[in-house]
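In what follows, a structure is listed as structure tokens, so that the remarks can point back to it.
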Amino acid sequence: MSNPNSIEHIRQDFVILDQITTNDCPLVYLDNGATTQKPRVVIDAITDFYRQNNANVHRGAHYLSDKATKAFEQSRTTVQHFINAPHAKQIIWTKGTTESINLVAASWGQQNLNKGDVILLSEMEHHANIVPWQLLAAKTGVVIEPIRLKANFTLDMDHYRSLLKLAPKLVAITHVSNAIGTVNPIKTLINMAKEAGAVTMVDGAQAISHFAVDVQQLDCDFYVFSGHKIFGPTGIGVLYGKEALLQDMPPWQGGGEMIDKVSFDGTTFNDLPYKFEAGTPNIAGAIGLAAALNYLNQYDRKQLHQHEVQLFHHVFDWMTRQPNIRVYASRDNNAAILSFAIIGEHHQDIGTLLDQQGIAVRTGHHCTMPLMSVLGVAGTVRLSFSIYNNQADAQAFIIALEKVLELLG
Amino acid sequence: MSNPNSIEHIRQDFVILDQITTNDCPLVYLDNGATTQKPRVVIDAITDFYRQNNANVHRGAHYLSDKATKAFEQSRTTVQHFINAPHAKQIIWTKGTTESINLVAASWGQQNLNKGDVILLSEMEHHANIVPWQLLAAKTGVVIEPIRLKANFTLDMDHYRSLLKLAPKLVAITHVSNAIGTVNPIKTLINMAKEAGAVTMVDGAQAISHFAVDVQQLDCDFYVFSGHKIFGPTGIGVLYGKEALLQDMPPWQGGGEMIDKVSFDGTTFNDLPYKFEAGTPNIAGAIGLAAALNYLNQYDRKQLHQHEVQLFHHVFDWMTRQPNIRVYASRDNNAAILSFAIIGEHHQDIGTLLDQQGIAVRTGHHCTMPLMSVLGVAGTVRLSFSIYNNQADAQAFIIALEKVLELLG
Amino acid sequence: MSIYTTFDQAITYNESEIKTLFANAKGWEGKYRQIMLLGKQLPALADEYKQDTHLVKGCESQVWLHFQIQDEKNRGYQFAADSDARIVKGLVIVILAAFNHKTAQQISDFDIEGYFAELDLLKHLSPSRSNGIHAIVQAIREI
Amino acid sequence: MSIYTTFDQAITYNESEIKTLFANAKGWEGKYRQIMLLGKQLPALADEYKQDTHLVKGCESQVWLHFQIQDEKNRGYQFAADSDARIVKGLVIVILAAFNHKTAQQISDFDIEGYFAELDLLKHLSPSRSNGIHAIVQAIREI
Ligand SMILES: Cc1ncc(COP(=O)(O)O)c(C=O)c1O
Ligand SMILES: Cc1ncc(COP(=O)(O)O)c(C=O)c1O
């Protein structure tokens, strides 16, 4: 993919990119950490489903419901293979990363954690991997300990080691920071957690679109991610869990599909994965996500990521040469996400002036307020690259930021 | 809409209907209770969103995120007006009816109900309006009392009256039965519940696609429904609640968007509706649902429903003339949904043989096992009509069922 | 009636007889008539053998499945099954005609998809159908 | 510095002066230069007036808003506001030029959309923007 032609080829699959925004500027989409764009095949998969196969799944015994159920369950298998899960029943459909984590906290957490038990998170977690545990803590009295960040934007392994001495019951950690791009040494973190006897949950929301994830190789207990951040639709996400853990967990939400028998005298529950899938699922969402994963599977993902990192390095290196810019990201072990500030300026002003030039970046706390407070800022401007960004995007960003510097200067 | 031309006009908006299924038979889709088909404008709204406006909502300050947020919040307003809610912030996006009810049970229920408190449901509830309360009961010790069904398929109002003497804290009841089509006298039920001091929740999953719902006129405390059952996408649903109740309720799921400030020392929550919308919402789903409601708003809904009921009566009257058929539905106060059995035959055999002729109906317990046990059956065959069904569908069904009777005879 | 009687009765058809029957059935109606005719010939399990523990999971209708090793030397299996649905009963005969008297190895080697495809009944085998035929085949294979 | 001093300072511009300034601004750059020039002229609120209770909700930047009745007879309002973002500061001047010294009735009658449209700043007023301009206008209107 260092071949720019291939990127232009990919770009053409994302029709949204070819548009004019504010002040007649072409769109430069660098907000991929918030959500990714969808290739034609994903949009087509959704459209085709509604135009040809739409029916409720599992419940019907007719031609359409059979087609819909097949496509839906095939999508589960696609996810299974994408993350190399042992079995499709370990793939639970959720609304997104946030719901996946809430499910683990409410079901596994409530069942297995008691007052005084320790949970380790990190200072760089997204609110989605903080607040569910805080809600659980308010109910159960578990204690949350954040692993500290070092000045070089990586986790403080010494601090982690010392926190592991508290014999935490759970280590829940992000694979990649959505705000500063750090790729955590997740395999090492998991191994250490296991040695300390902790269950492990990995927030893969930002990792999954950048590199291959193998849950068996990682040997994590739970892995979660969102469809919309990996070129799939909104409203669909995944919880992967080890079978033994999922089997033991009580259901969380109740309703159709997740039951075996219901009566007012007592109700029994369905097997995995259905036990955790109450109600009509986001059928079109699951099918769209599978289409996105199949789309990615066509490519050499390592090459795609190299390309993203190349763009990231280009901007990173330029930024570090600007006296007034402060970068919050490390150049290495970064998934092509970067936060920065112009010294003395408000991130919102920078975002507004970039937007005037068609550049879409995100400004604010990026749902990582504890991290912002560690960095000593209220917010930053964040750039996040994806497979369809090209050198022209990186260059347009730099030119636009030079203009911002001039306007503010 | 008694004008058959108008129906044919509507039919053309639903491209899926024009297809050949098993044994070269054209599709006759009578499984609308399970899920409805989507008109072209809904599919287009989703496609357009992904092709032109896709961005994460609320979080960005750029051109695309502004367009996406506008469309998303405009969709909330569309729902608000559709059910005549006082304010858009009383419209909470969920995954569907099931999640809406789980939210009420987990948030309002856990906060307001204590051991021994009584909840009234009815014997005709969908599992989605039973199991969440049973899960709550297992945690809190609340007591569930089902309102009995009479032989004419309506609720036993005397029994209801006597149960109200138990001073229930909540009456949670379906507007329309998904299995037998009964339209409950919901306004009366709500009034009586209020007099008894109970909070009321109405499961509108089956009602909303058949007739206008005015939550202020009903004066219910909560009203819930699913997008996919009213011509909208899968993975989106609505919880309406009275503002004072919603304000008092604690958040359920934690994550981005639902917070005000997060720190490891303590977190505060956002205002309505965001307090209940953790994580990236199903943006395309909300926009698709709004397109569906706007589509319906073009028509005289009373006429559309008269048309459905006409088809229902046609089949109902034919069935009651067949000696071997037992109908589980009342002719009056019915939302055009009907369960039946062929005496001595298994519902699954009937479904299979209808499917051979392109007729899509649902067989089984319809996620209403307690109702099935009251009816004394393991399951039924269910027909459910929608606005795009025509006389030819009804006739094709009758001819197909005659063939089934002959084959089984 | 002992369950062993039932086992003896259940083995009336073999695979090739079934294929002949279906080859002669005309159209979907002919095929379903044939399935239901077969279903009528499935010996009923006595009520005492219709225990919940013998129910096959994942069927919308109820399907009870029993088996025994027929002969210690060859270790062939004998099956007895019943259902409350007529089409399932017929399909049970179709399935048992293929699996009865076979060893675990023979059962696992048998190309059930090919067999159902030849009979033009393949869609019944789909795991996404709620008729339970897939579940019955799975249950037999997992014995 | 007393907050009353601040109030006095804040009223430098009126609506038509703002319109003239923006009419002369060229392109988006000219307009934003103008906004930021205005922002520089917004008198800073002393720290003691930057209380959390005076923060306007719904702004990504911090915006503090104070007001007082200027004159008991006409019941016109005087506003003082500050922000940590430069563009917001400038837009605060734009807003206050329209609302300052007006009565509640005059404020609610004022066509703020039309005013922002004329200045070609309408998109800043969108409730779906996180810049908080909509929130400031709402806050003033709800006084
Ligand atoms: C009356 C009723 N309530 C609740 C539900 C559950 O809806 P969903 O599966 O969309 O969550 C349904 C549909 O299956 C229903 O018919
Ligand atoms: C690291 C991380 N975790 C969790 C989330 C939450 O994902 P979602 O909003 O799709 O549920 C995000 C995205 O916002 C994220 O970047």
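Throughout, protein chains are lettered first and strands after them, A, B, ... in sequence-line order, and every chain is numbered starting at 1.
Looking only at side-chain heavy atoms (C-beta outward), T280(B) and T35(A) stay at 4.5 Å or farther from each other. Between P281(A) and T234(B), every side-chain heavy-atom pair lies at or beyond the 4.5 Å cut-off. Annotation: side chain of Q19(B) is in contact with side chain of L64(A) (closest heavy-atom distance under 4.5 Å). I259(A) places a side-chain heavy atom less than 4.5 Å from the side chain of M369(B). Contact of the L135(B) side chain with the Q253(A) side chain is not registered, since no non-hydrogen atoms from C-beta on lie closer than 4.5 Å. Within the 4.5 Å cutoff, side-chain heavy atoms of K95(B) are placed close to those of E99(A). Side-chain contact check for R51(B) versus I16(A): every heavy-atom pair is 4.5 Å or farther apart. The closest side-chain heavy-atom distance from V262(A) to V131(B) is below 4.5 Å.
At most 12 heavy atoms of other shown residues, nucleotides or ligands fall within 6.0 angstrom of atom CG in D18(B).
Ring geometry, H62(A) versus Y29(B): the interplanar angle exceeds 60°, so the pair is classed perpendicular (tilted spans 30 to 60°).
Under the 3.5 Å distance criterion, the side-chain polar atoms of N56(B) are matched with a main-chain donor or acceptor of A34(A). Proximity of a side-chain donor or acceptor of N54(A) to a complementary backbone N or O of T36(B) within less than 3.5 Å is detected. Counting only distance, with no hydrogens or angles, the side chain of Q134(B) and the backbone of T267(A) share no donor-acceptor pair below 3.5 Å.
Contacts of Y50(A) classified as ring pair (Phe, Tyr, Trp, His ring centres under 6.0 Å), with partners at least two apart in sequence or in another chain: none. H365(A) is linked by a ring pair (Phe, Tyr, Trp, His ring centres under 6.0 Å) to H127(A), counting only residues two or more places apart in sequence or in another chain.
Residue I101(B): no heavy atom, backbone or side chain, is found under 4.5 Å from chain A. Interface residue I144(A): only side-chain heavy atoms are found under 4.5 Å from chain B. Both the backbone and the side chain of K261(A) come within less than 4.5 Å of a heavy atom in chain B. Contact annotation for S373(B): neither backbone nor side-chain heavy atoms come within less than 4.5 Å of a heavy atom of chain A. Heavy atoms closer than 4.5 Å to chain B are found nowhere in L371(A), neither backbone nor side chain. M372(B) does not touch chain A: none of its heavy atoms, backbone or side chain, sits under 4.5 Å away. Neither the backbone nor the side chain of N129(A) has a heavy atom closer than 4.5 Å to any heavy atom of chain B. Residue F14(A): no heavy atom, backbone or side chain, is found under 4.5 Å from chain B. Neither the backbone nor the side chain of I236(A) comes within contact range of chain B; no heavy atom of the residue lies under 4.5 Å from a heavy atom of that chain. Neither the backbone nor the side chain of V42(A) comes within contact range of chain B, judged by heavy atoms closer than 4.5 Å. Interface residue N102(B): only side-chain heavy atoms are found under 4.5 Å from chain A. Both the backbone and the side chain of I283(B) have a heavy atom closer than 4.5 Å to some heavy atom of chain A. For T47(A), the parts lying near chain B are the backbone and the side chain together; criterion is any non-hydrogen pair under 4.5 Å. Residue contact with chain A, scored on non-hydrogen atoms closer than 4.5 Å, involves the backbone of N53(B) exclusively. With a 4.5 Å cut-off on non-hydrogen atoms, W252(A) touches chain B through its backbone and its side chain both. Neither the backbone nor the side chain of L136(B) comes within contact range of chain A, judged by heavy atoms closer than 4.5 Å.
Shortest non-hydrogen contact noted between G254(B) and T98(A) is O-CG2, 3.3 Å. Closest non-hydrogen pair, T363(A) versus A61(B), comes out as OG1-CB, 4.3 Å. For Y63(B) against D355(A), the heavy-atom pair with the smallest separation is N-OD1, 2.8 Å. A pairwise comparison of heavy atoms in G255(B) and P132(A) identifies N-CD, 4.4 Å as the closest pair. Shortest non-hydrogen contact noted between F264(B) and P370(A) is CE1-CB, 3.7 Å.
Annotation: the span from E257(A) atom CD to C367(B) atom SG amounts to 7.0 Å, rounded to 0.5 Å.
Ranked by heavy-atom pairs under 4.5 Å with chain B, the list A137(A), P146(A), S263(A) is led by P146(A).
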